[in-house]
There are 2 protein chains.
Amino acid sequence: MRGRSDVLEPAILGLLHESPMHGYELRKRLNLVLGSFRALSYGSLYPCLKGLVERGWIVGLESTDSGHGVSKRARIVYQLTADGKEHLQQVLSSSGPSTWEDENFDVRFAFFAQTDAETRLRILEGRRTRLTERLETVRQSFARTRERMDEYTLELQRHGLEQVEREVRWLDGLIDNERGRRRVRPTGTGHPTDADSTAAVPQSTPARTTEKERG
Amino acid sequence: MRGRSDVLEPAILGLLHESPMHGYELRKRLNLVLGSFRALSYGSLYPCLKGLVERGWIVGLESTDSGHGVSKRARIVYQLTADGKEHLQQVLSSSGPSTWEDENFDVRFAFFAQTDAETRLRILEGRRTRLTERLETVRQSFARTRERMDEYTLELQRHGLEQVEREVRWLDGLIDNERGRRRVRPTGTGHPTDADSTAAVPQSTPARTTEKERG
DNA sequence: GTTAGCATGTAAGGAGTTACATGATTTT
DNA sequence: AAAATCATGTAACTCCTTACATGCTAAC
């Protein structure tokens with residue numbers, strides 16, 4: 001009944017740690033953080049917020065005014081409680097198998113700035129291992145069945161493998177970077193793009209884990 | 001209650017059109033066809049097969065022997081009925097908006113060998129348009145919010161955009177190919193791999209849509 | 001003879017979606 | 001004054017997973 005997502009909850013807590021927000025705004029930010037640009041629905045968001053309030057990790061405060069003068073319609077601005085902050089830090093310091101799964105990895109990565117260096121490295125390496133394992137399995141069944149497959153299926157498989165291989169190389173770059181070797185991102189054949197600027201990941205961003213407050 | 005997937009059903013029908021199979025085998029093949037290598041569970045597969053039988057699109061025949069002599073344990077080999085074949089052809093000739101969504105595209109592509117050329121082109125172009133639209137939206141919000149984002153979030157976004165850009169270029173190659181221009185796949189920086197062979201998509205595979213049988 | 005893999009299923013539940021319902025505020 | 005977009009929510013439903021239950025067959 002109540003949505004206890006393992007993806008949504010950390011994402012909401014992480015965003016609210018950066019700054020308090022109301023649901024509608026949260027949703028838009030969430031859509032960028034949550035993997036591949038999919039649109040989260042209110043039907044998931046609001047019940048999840050409700051659950052977080054019930055567990056005492058966030059509180060919702062009515063706000064008629066929101067800074068720039070004119071009184072807008074009443075909206076509920078959510079923010080972390082002391083318990084919520086503590087819980088978030090606990091979540092952010094975890095690095096078990098679930099963190100390197102497809103659904104969870106992106107969200108964890110999105111909040112790496114709030115994660116300590118060791119945990120970052122463990123997650124990146126776990127993710128890398130997971131992907132190379134998968135690569136092995138798929139390559140084998142690919143080799144076994146390639147004669148029986150038509151060319152479209154073949155192309156789909158080949159493309160899928162290539163995508164994962166690229167992902168592994170991306171992780172390699174990030175891991176090297178975390179270790180302080182400052183390897184340059186392999187831009188490869190990538191056409192120049194708005195997005196394709198010099199966004200190299202920092203050598204070591206000081207983790208904000210010490211910011212812990214208690215109520 | 002009964003699983004009426006829009007992804008699973010066409011995939012099953014498509015595979016059974018290639019050759020009759022029992023559930024266990026079907027699952028393994030399905031895992032390769034169904035996007036990104038995820039493992040489909042029996043809890044989805046068998047109820048879905050049941051539903052397909054109920055609607056008369058497939059039949060399950062007990063088989064104690066399976067070709068090479070020794071009598072194995074009883075398994076249920078499923079195959080398409082005449083109605084099922086008809087239905088499949090109808091599904092395969094559709095090219096509406098739903099076909100170029102993330103969840104559906106891969107499955108449709110996997111059965112392109114059974115799809116006529118016009119439909120193939122419409123799906124590829126629809127998919128391309130969908131992706132470039134998404135790219136535009138994300139690029140804009142990326143440009144608007146990049147100052148406020150930490151470097152990890154930035155890197156995640158950049159990587160996400162790059163992935164989609166690459167996907168668009170892949171589609172460009174396929175579209176050119178469908179039009180008979182036989183453009184060579186841009187191998188780029190891709191390391192040589194088992195998968196990275198000469199799997200160029202055919203110029204034009206004759207569609208088997210004329211194979212239609214009636215009961 | 002016991003582990004691993006083949007083979008078929010069911011029941012309960014999780015994580016989300018769509019569609020609905022409502023109303024305020026801003027823009028055209 | 002109409003249309004778009006902001007803002008919050010609920011109910012029903014979908015698709016899928018996990019865990020359970022069962023038993024056969026091959027390999028070590």
Side-chain angles (χ1 to χ4, degrees), chain A residues 1-12 21-31 34-36 38-54 60-78 97-98 101-104 107 137 141, chain B residues 1-12 21-31 34-36 38-54 60-78 97-98 101-104 107:
Chain A
M1 271 286 155
R2 59 140 84 87
R4 253 164 219 260
S5 169
D6 269 356
V7 180
L8 209 46
E9 280 187 6
I12 290 173
M21 258 176 278
H22 60 275
Y24 196 85
E25 199 187 342
L26 205 45
R27 182 193 180 234
K28 283 188 298 187
R29 304 270 267 109
L30 238 23
N31 286 338
L34 253 43
S36 24
R38 66 183 159 145
L40 176 79
S41 65
Y42 298 118
S44 315
L45 177 59
Y46 286 112
C48 186
L49 285 170
K50 206 173 164 185
L52 289 171
V53 170
E54 274 165 26
L61 303 171
E62 290 261 333
S63 147
T64 354
D65 182 81
S66 86
H68 62 82
V70 275
S71 78
K72 301 195 164 185
R73 94 157 269 202
R75 62 244 276 251
I76 299 163
V77 175
Y78 293 96
S98 75
E101 291 306 321
D102 290 329
E103 331 78 68
N104 303 316
V107 177
T137 318
S141 80
Chain B
M1 269 289 155
R2 62 140 86 86
R4 253 162 220 264
S5 170
D6 268 356
V7 180
L8 209 46
E9 279 187 8
I12 290 172
M21 257 177 279
H22 60 275
Y24 196 84
E25 199 186 343
L26 205 44
R27 183 195 179 231
K28 283 188 297 187
R29 302 272 267 109
L30 237 24
N31 286 339
L34 253 42
S36 25
R38 67 181 159 146
L40 176 79
S41 65
Y42 298 117
S44 315
L45 177 59
Y46 287 111
C48 187
L49 284 170
K50 205 173 165 183
L52 289 171
V53 170
E54 273 166 25
L61 303 171
E62 289 260 334
S63 146
T64 354
D65 182 80
S66 85
H68 62 83
V70 274
S71 80
K72 301 193 165 188
R73 92 157 271 198
R75 63 245 273 249
I76 300 164
V77 175
Y78 292 96
S98 74
E101 292 306 323
D102 290 329
E103 331 79 68
N104 303 316
V107 176

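Below, chain A is the first sequence line, B the second, and so on; all start at residue 1.
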| said: Side chain of I76(B), heavy atoms from C-beta onward: which of dT17(C), dT8(C), dC16(D) has the nearest atom to it? | reply: dT8(C)
| query | In whole angstrom, what separates L30(B)'s CG from dC16(D)'s C1'? | reply | 13 Å
| query | Among the nucleotides dG5(C), dT10(C), dG9(C), which one has an atom lying closest to any side-chain atom of Y24(B)? | reply | dG5(C)
| said: Is K50(A) close enough to dT10(D) that one of its side-chain N or O atoms is under 4.0 Å from OP1 or OP2 there? | reply: yes
| task | Write down the distance between CG (L45(B)) and C1' (dT18(D)), rounded to a whole number of angstrom. | result | 16 Å
| said: Between S44(A) and dA15(C), is there a contact of a side-chain N or O with OP1 or OP2 at under 4.0 Å? | reply: no
| field | Flag side-chain contact, heavy atom, 4.5 Å: D6(B) against S98(B) | value | no
| field | Separation of dC15(D) C1' from E9(B) CD (nearest whole Å) | value | 11 Å
| said: From C-beta outward on L40(A), which listed nucleotide comes closest to its side chain: dT8(D), dT17(C), dG9(C)? | reply: dT17(C)
| How long is the line joining CG of D102(A) and P of dT17(D), in whole Å? | 13 Å
| field | Out of dG5(C), dT17(C), dA7(D), whichever nucleotide has its closest atom nearest the side chain of Y46(A) | value | dA7(D)
| note | Regarding the side chain of L8(A), the nearest nucleotide among dT10(C), dG9(D), dG16(C) is dG16(C)
| field | S41(B) vs dT17(D): side-chain N/O to OP1/OP2 distance below 4.0 Å | value | yes
| query | Please give, in whole Å, the distance from dG23(D) P to R75(B) CZ? | reply | 20 Å
| note | Here the distance between atom C1' of dC20(D) and atom OH of Y42(B), to the nearest Å, is 15 Å
| message | Rounding to an integer number of Å, can you tell me how far D6(B) CG sits from dT17(C) P? | response | 16 Å
| note | The answer to which of K28(B) and L49(B) contacts DNA chain C further toward the 5' end, by nearest nucleotide, is K28(B)
| If you check every side-chain atom of H22(B), which of dT8(D), dA7(C), dC16(D) has the closest atom? | dA7(C)
| message | Quick one, I76(A) and L49(A) - any side-chain contact, counting heavy atoms below 4.5 Å? | response | no
| Quick one: are S44(A) and L8(A) in side-chain contact, heavy atoms under 4.5 Å? | yes
| query | For E101(A), what residues pass the salt bridge (charged side-chain N to carboxylate O under 4.0 Å, His left out) criterion, not counting sequence neighbours? | reply | R130(A)
| Non-hydrogen atoms of Y24(A) and Y46(A) that approach each other most closely | N-OH, 3.7 Å
| message | Counting the atoms with a prime plus P, OP1 and OP2 as sugar-phosphate, which does G23(B) contact under 4.0 Å by heavy atoms, base, sugar-phosphate, or nothing? | response | sugar-phosphate
| query | Roughly, in whole Å, what's the span from CD in E54(A) to P in dG9(D)? | reply | 13 Å
